[in-house]
Asker: 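Please find one structure pasted underneath; my questions will follow.
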Amino acid sequence: MLNERNPIPVQEAIAKVRSCYQTGQTEWVPLTEAASRILAIDITADHHVPPFDRSPYDGYAIRSVDTTGASTDQPQQLEVVGHIGAGSVYTEPLTDQQAVRIMTGAAIPEGADAVVMLEDTTALEIEGKSYVNVMKTIAHQQNVSFKGEDVRQGEVIMKKGTEINPGVIALLATFGYASVPVAKKPVVGVIATGSELLEVSDPLEPGKIRNSNAYMVMAQLERAGAIPHYYGQLADDLESSIEKISAVLEEVDFLITTGGVSVGDFDLLPEIYQALEADVLFNKVAMRPGSVTTVSTTANKLLFGLSGNPSACYVGFELFTRPLIDHYLGKVQIGLYRTEALLDADIPKANPFSRFIRGYYYLQDQTVFVQLAGKDKSNMVHSLANANCLIELPGGTAGFNKGDRVLIHRLGE
Ligand SMILES: Nc1nc2c(c(=O)[nH]1)N[C@H]1C(S)=C(S)[C@@H](COP(=O)(O)OP(=O)(O)OC[C@H]3O[C@@H](n4cnc5c(N)ncnc54)[C@H](O)[C@@H]3O)O[C@H]1N2
Ligand code: MOO
Ligand SMILES: [Mg+2]
């Protein structure tokens with residue numbers, strides 16, 4: 001009987017989902033569309049950065065030996081034989097007492113071994129020739145930005161699974177990736193169930209509520225890097241629901257339903273799983289909210305039966321669906337980023353099951369504190385909007401006090 005429910009620990013449930021994970025495919029996207037995607041291969045430097053010795057300053061490329069003893073009182077005069085900006089190259093080798101006027105980013109000419117900054121020189125013209133008075137002794141290799149000092153050729157500069165942030169974009173551009181190999185986003189179907197559901201644009205009617213879960217889950221999917229496909233809301237009718245869900249499963253990588261997973265007369269998901277001959281991984285988790293979260297597989301596709309209660313639905317997604325998407329994308333960081341915070345108020349209620357409370361963390365006096373984001377019942381929606389983390393309170397505990405150190409799961413990372 002599917003309604004005989006045996007609660008399993010949260011970590012065990014997460015591990016069961018993980019055992020079914022698949023890694024997705026790779027696709028190439030233009031660099032301009034690669035931000036926030038996940039890199040699908042290791043990137044190895046195929047050249048040095050910078051690719052040539054270059055000047056870090058506007059000034060003169062010189063031979064340091066020619067500046068020995070130079071000072072403000074005793075400047076050394078050099079002949080200026082060339083003038084280059086970044087992008088230009090001076091091709092003649094520099095010889096005794098010669099200098100090339102050089103700008104930041106330009107290649108150091110052959111024969112030069114240092115640069116003197118413009119501020120340490122004065123320019124002069126003698127009989128139509130350009131000279132520079134160097135007023136400082138410059139050491140060998142002083143003021144040179146060396147070939148390969150930033151990145152060495154052959155170095156692995158970015159690992160597969162890296163999230164492409166603006167810095168990664170800069171590196172990809174440096175190495176000529178006009179298009180970038182990234183993890184293909186999974187397409188995740190979303191279906192809301194329940195005859196009580198109104199469309200968002202509908203006016204309220206007696207006994208009915210607007211469907212908020214579907215839109216919330218689609219936003220969570222986008223935040224996690226997946227492509228949500230919305231298939232609408234289903235009334236509590238077994239035959240048409242089986243038909244719809246089977247059809248949708250053909251089109252998506254995973255499917256999320258919300259509602260109908262508990263033991264009520266119109267909670268049809270257990271029967272639907274049976275009809276689809278789905279293998280139910282678990283249908284009860286020792287946690288609150290989201291205890292009735294059910295995950296099953298059929299035809300090699302995962303079905304996430306998230307609870308109808310908005311907060312339970314939200315937490316079920318973050319704990320079970322989100323890590324699977326992270327795996328699918330080959331991310332380095334799996335699941336929400338966890339850290340510790342100090343409770344800023346008592347939470348006296350005992351916890352038979354682990355609890356994931358909607359929280360709001362903040363920094364004060366260089367310490368991270370966390371407070372409740374609002375009312376915390378699983379059928380409530382308001383506090384979700386204020387939450388920036390979930391506070392994990394382990395099961396089998398008698399309550400928590402202000403100042404206790406707790407684990408928080410930061411949302412949105
Ligand atoms: N006798 C028992 N009753 C319940 C149990 C139980 O163990 N024994 N579990 C409770 C828990 S815990 C939860 S959580 C809920 C789970 O309910 P379902 O997943 O079956 O969801 P529904 O019955 O369809 O709806 C529950 C609740 O959520 C509202 N809802 C549903 N869909 C949406 C939506 N798309 N947007 C906004 N709100 C939605 C729905 O109207 C109900 O109020 O069961 C408890 N009962
Ligand atoms: O699954 Mo229910 O949310 O535990 O409240
Ligand atoms: Mg129900």
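Count residues from 1 along the sequence. Indexing begins at 1, ligand by ligand and atom by atom, following the structure's order.
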Asker: Students should be able to answer this: which protein heavy-atom is nearest to atom 1 (O) of ligand 2, and at what distance?
Answerer: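 Atom 1 (O) of ligand 2 sits closest to the protein heavy atom Ser291 N, 2.6 Å.
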Asker: Taking 4.0 angstrom as the limit, do Glu318 and Arg223 come out as a salt bridge?
Answerer: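 Looking at Arg223 together with Glu318, the answer is yes, because their closest N to O distance falls below 4.0 Å.
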Asker: Heavy-atom distances under 4.0 Å decide this one: backbone, side chain, both or neither, for Val381 against ligand 1?
Answerer: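 Neither part.
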Asker: Return yes or no for this condition: an N or O of Val261 is under 3.5 Å from an N or O of ligand 1.
Answerer: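 Yes, since at least one N or O of Val261 sits under 3.5 Å from an N or O of ligand 1.
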Asker: Which ligand 1 atoms, with their elements, are less than 4.0 angstrom from a heavy-atom of Gly259?
Answerer: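 That gives atoms 19 (O), 21 (O), 24 (O) of ligand 1.
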Asker: State whether a side-chain donor-acceptor pair under 3.5 Å links Ser378 with Asn309.
Answerer: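 Asn309 and Ser378 do have a side-chain donor-acceptor pair below 3.5 Å.
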Asker: Give the residue, atom name and distance (to 0.1 Å) of the protein heavy atom nearest atom 45 (C) of ligand 1.
Answerer: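 Answer, as residue, atom name and distance: Ser262 OG, 4.0 Å.
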Asker: At the 4.0 Å heavy-atom cut-off, does Lys284 count as touching ligand 1?
Answerer: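 Yes; Lys284 lies near enough to ligand 1 that a heavy-atom distance drops under 4.0 Å.
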Asker: If you measure from each heavy atom of Gly260 to ligand 1, is any distance below 4.0 Å?
Answerer: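 The answer is yes: ligand 1 sits under 4.0 Å from a heavy atom of Gly260.
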Asker: Just by distance, with hydrogens left out, do Asp279 and Ser296 show a side-chain donor and acceptor under 3.5 Å apart?
Answerer: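 Absent: no donor and acceptor within the cut-off.
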Asker: Look at Lys301 together with Glu250 and state whether they make a salt bridge at an N to O cut-off of under 4.0 Å.
Answerer: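 Salt bridge absent between Lys301 and Glu250.
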Asker: Is a salt bridge present between Arg405 and Glu340, judged by a nitrogen-to-oxygen distance below 4.0 Å?
Answerer: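 Salt bridge present between Arg405 and Glu340.
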Asker: For Tyr314 and Asn213, test the side chains for any donor-to-acceptor distance below 3.5 angstrom and give the result as yes or no.
Answerer: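 Their side chains do not contain a donor-acceptor pair, so the 3.5 Å distance test is not met.
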Asker: For ligand 1, is any non-hydrogen atom under 4.0 Å from Leu269's backbone (N, CA, C, O), its side chain (CB onward), both, or neither?
Answerer: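 Under 4.0 Å from ligand 1, Leu269 contributes no heavy atoms.
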Asker: Considering Cys313, Pro310, Ser307, which one's heavy-atom position lies nearest to atom 14 (S) of ligand 1?
Answerer: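 It is Ser307 that holds the nearest heavy atom.
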Asker: Taking heavy atoms and a distance under 4.0 Å, where does Ser307 meet ligand 2: side chain, backbone, both or neither?
Answerer: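 Near ligand 2, Ser307 shows nothing, with every heavy atom at 4.0 Å or more.
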Asker: Would you indicate whether the side-chain heavy atoms of Asp53 and Ser145 approach each other to under 4.5 Å?
Answerer: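 The answer is no, as the side chains (C-beta and beyond) never meet within the 4.5 Å cut-off.
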Asker: Using a 4.0 Å heavy-atom cut-off, which part of Asn211 comes near ligand 1: side chain, backbone, both, or neither?
Answerer: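 The answer is both.
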Asker: For atom 37 (C) of ligand 1, what's the nearest protein heavy-atom neighbour? Residue, atom name and distance, please.
Answerer: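 Of the protein heavy atoms, Ser212 OG, 3.3 Å lies nearest.
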Asker: Should you measure from each heavy atom of Leu197, which atoms of ligand 1 turn up under 4.0 Å away?
Answerer: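 Listed by number with element: 32 (N), 33 (C), 34 (C), 35 (N).
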Asker: Return the closest protein heavy atom for atom 41 (O) of ligand 1 as residue, atom name and distance.
Answerer: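 For this ligand atom, the closest protein heavy atom is Glu196 OE2, 2.6 Å.
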Asker: How about Phe282 and Val17: do any of their side-chain heavy atoms sit closer than 4.5 Å?
Answerer: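 Side chain of Phe282 against side chain of Val17, heavy atoms only: contact under 4.5 Å found.
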Asker: Could you list which atoms of ligand 1 come closer than 4.0 Å to a heavy atom of Thr258?
Answerer: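 Those atoms are 35 (N).
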Asker: Taking distance alone, with no angle check, do Arg288 and ligand 1 share an N/O pair under 3.5 Å?
Answerer: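 No.
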Asker: With a 4.0 Å cut-off, would you call Arg63 and Asp113 a salt bridge?
Answerer: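 No.
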Asker: Among all the protein's non-hydrogen atoms, which is closest to atom 5 (O) of ligand 2, and how far away is it?
Answerer: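 Of the protein heavy atoms, Ser378 OG, 2.6 Å lies nearest.
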Asker: Under 3.5 Å, is there a donor on one side chain and an acceptor on the other for Tyr337 and Arg410?
Answerer: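 Not at all, the side chains of Tyr337 and Arg410 share no donor-acceptor pair under 3.5 Å.
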Asker: Verify whether one side chain among Ser311 and Arg358 offers a donor that lies under 3.5 Å from an acceptor in the other.
Answerer: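 Yes, side-chain donor-acceptor contact under 3.5 Å.
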Asker: Give a yes/no on ligand 2: does Gly290 have at least one heavy atom closer than 4.0 angstrom to it?
Answerer: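 A heavy atom of Gly290 does come that close to ligand 2.
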Asker: Quick one: nearest non-hydrogen protein atom to atom 13 (C) of ligand 1, plus distance?
Answerer: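 Protein heavy atom with the smallest distance to atom 13 (C) of ligand 1: Asn309 ND2, 3.4 Å.
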Asker: Considering only the protein, which heavy-atom contact is closest to atom 33 (C) of ligand 1, and what is its distance?
Answerer: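 Heavy-atom neighbour on the protein nearest atom 33 (C) of ligand 1: Asn213 ND2, 3.2 Å.
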Asker: Provide, to 0.1 Å, the distance between atom 23 (O) of ligand 1 and the closest protein heavy atom, together with that atom's residue and name.
Answerer: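 It is Asp267 OD1, 3.2 Å.
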Asker: Ring centres of Phe52 and Phe146 under 6.0 Å apart?
Answerer: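 When the ring centroids of Phe52 and Phe146 are compared, they turn out to be at least 6.0 Å apart.
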Asker: What about the rings of His83 and Tyr90, do their centers lie closer together than 6.0 Å?
Answerer: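 Judged by ring-centre distance (under 6.0 Å), His83 and Tyr90 do not meet the cut-off.
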Asker: Among all protein heavy atoms, pick out the one at the shortest distance from atom 38 (N) of ligand 1; state its residue, atom name and that distance to 0.1 Å.
Answerer: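 Residue, atom and distance for the closest contact: Ile209 CD1, 3.3 Å.
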Asker: If you measure only the distance, is there a donor-acceptor pair under 3.5 Å linking the side chains of Gln371 and Tyr361?
Answerer: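 No pair is found: no donor N or O on one side chain lies under 3.5 Å from an acceptor on the other.
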Asker: Could you check if a side-chain atom of Glu27 sits within less than 4.5 angstrom of a side-chain atom of Arg37, using non-hydrogen atoms only?
Answerer: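 The answer is yes; the side chains approach within 4.5 Å.
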Asker: Do any nitrogen or oxygen atoms of Gly308 lie less than 3.5 angstrom from nitrogen or oxygen atoms of ligand 1?
Answerer: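 Gly308 vs ligand 1: N/O contact under 3.5 Å present.
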Asker: So, does Ser291 sit close enough to ligand 1 that a heavy atom of it is under 4.0 Å from the ligand?
Answerer: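 Judged by the 4.0 Å heavy-atom criterion, Ser291 does count as contacting ligand 1.
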Asker: Nearest protein heavy-atom contact for atom 4 (O) of ligand 2: which residue, which atom, what distance?
Answerer: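 I find the closest protein heavy atom is Arg288 NE, 2.7 Å.
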Asker: Please determine, by modelled atom types, if Ser240 and Glu243 share a side-chain donor-acceptor pair under 3.5 angstrom.
Answerer: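 Absent: no donor and acceptor within the cut-off.
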Asker: Atoms of ligand 2 less than 4.0 Å from Ala312 heavy atoms?
Answerer: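 Matching atoms, with element in brackets: 3 (O).
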Asker: Less than 4.0 Å is my threshold; does some heavy atom of Val263 fall inside it relative to ligand 1?
Answerer: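 Per 4.0 Å heavy-atom rule, Val263 contacts ligand 1.
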Asker: Mind checking whether Gly264 has a heavy atom under 4.0 Å from ligand 1?
Answerer: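 No, Gly264 has no heavy atom closer than 4.0 Å to ligand 1.
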